[in-house]
Amino acid sequence: MSRIGVLTGGGDCPGLNAVIRAVVGRSVEHNNIEVVGFRNGWAGILDADWVALDRDSVRGILGKGGTILGSSRRDPYVHAGGLADMQANLDAAGVDRLIVIGGDGTLKSAMRLGHEGLNVIGVPKTIDNDIAGTDMTFGFDTASQIATDAIDRITTTAEAHNRVMLVEVMGRTQGWIAIQAGIAGGADAILIPEVPYDLSEIAETVNRRTERGCNYSLVVVAEGVESPSKNEQELPVDAYGFKRLGGVAYEIAPLLEDMTGMEARVTVLGYIQRGGTPTSFDRVLATRLGASAADLAAARTTGVMAALRGTDIVAIPLEEACASTRPVDPRLYDVAKTFFG
Ligand code: F6P
């Protein structure tokens, strides 16, 4: 019996369950193919930890955050020897095709397994919205909305206390959440990894606002901007060697305080952005991507990723998605800058 395997890898993201539900629903009800879910990303294949998924096992999960399959950063090439260490367990599960829902690291491993001969389909996932080849990733809309709501709330307390408020959002190498939520929340400055920042310019913006009688400022900081005091090597890593970011705004705040004479406070949004229920946009995008991946797997297509292009879902080579990351459009940053200060 030939079955499709599905797994979720890397950091979780609102909408993962909607993809799993769509993969299962479409495969079982429409394409007449069984589905097996591997638990905790690649670890589920390496450790022979899987579960049969039928229509009933994916009921009630569409709007639920996280992933019913669990996730991890274990990698088949960093922590094992690639397909050779997986084939026996894939055979035991009766799986000859794999739908891999993940971010850049997970998709790169899927691509390599495809090169080794495994039948693989990728589905791009990340709140960071930084995967090349797709116009948007699911989870980004939810995370940006959460960050916008936080900025709205923090702005009112900034105004009440005459403070500079720094709101740190996720975004390792690209500042999509920062730019989206920053524009939506009317930020007075937005720091993103793609654009080098100058603290004296931000201080000038804050001071200019004070001169105009506006005694508070809102600064959005992407977690991946350059640290003013630490170098890359000093960053802590997790059990899988993945750099742990978060907290750069705490280094920036006292410097701004010194330069402006105003009290500066920090809120790091962290995992709040990644947890909880997805927006309707993310649920629909995730459902469309999952259904498309199921159809591609049914047709035994391999080495591609389901992607959003304009309003269409298309299949693009995994090579294209893995060749680079997708930076913030400079035109978007230019629009944001109009309202700095
Ligand atoms: O890649 C998505 C992401 O949410 C990043 O923005 C963040 O730096 C990272 O995951 C955090 O991951 P972890 O769960 O390993 O702390």
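The structure presented is a predicted model; accordingly, all values stated were derived computationally and were not measured. Note that ligands are numbered from 1 as they come in the structure, with each ligand's atoms numbered from 1 the same way. Both backbone and side-chain heavy atoms feed into the values below; hydrogens, waters and symmetry mates do not.
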Consider salt bridge (Lys or Arg N to Asp or Glu O under 4.0 Å). Of Lys337, Arg208, Arg209, which one does Asp188 pass it with?
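When Lys337, Arg208, Arg209 are each tested with Asp188, the salt bridge (Lys or Arg N to Asp or Glu O under 4.0 Å) holds only for Arg209.
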Would you please say whether a donor-acceptor pair under 3.5 Å links the side chains of [X] and [Y]?
X      : Y      : result
Thr157 : Arg163 : no
Ser57  : Asp54  : yes
Asp12  : Ser71  : no

Considering non-hydrogen atoms of the protein only, which is the closest contact for [atom], and what is the distance?
atom                    : result
atom 5 (C) of ligand 1  : Asp128 OD2, 3.3 Å
atom 11 (C) of ligand 1 : Arg274 NH1, 3.3 Å
atom 8 (O) of ligand 1  : Glu223 OE2, 2.5 Å
atom 16 (O) of ligand 1 : Tyr271 OH, 2.5 Å

Quick one: does Gly171 get within less than 4.0 Å of ligand 1, heavy atoms only?
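So Gly171 counts as touching ligand 1.
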State if Arg73 counts as touching ligand 1 under the rule of any non-hydrogen atom under 4.0 Å.
yes
Above 12 or not: heavy atoms from other molecules or residues under 6.0 Å from CZ of Arg55?
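Yes, the 6.0 Å shell around CZ holds more than 12 heavy atoms from other groups.
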Only one of Val219, Ile202, Val221 passes side chain to side chain contact (heavy atoms under 4.5 Å, CB included) with Ile252, and that residue is Val221
Enumerated ligand 1 atoms positioned under 4.0 Å from heavy atoms of Met170:
4 (O), 6 (O), 7 (C)
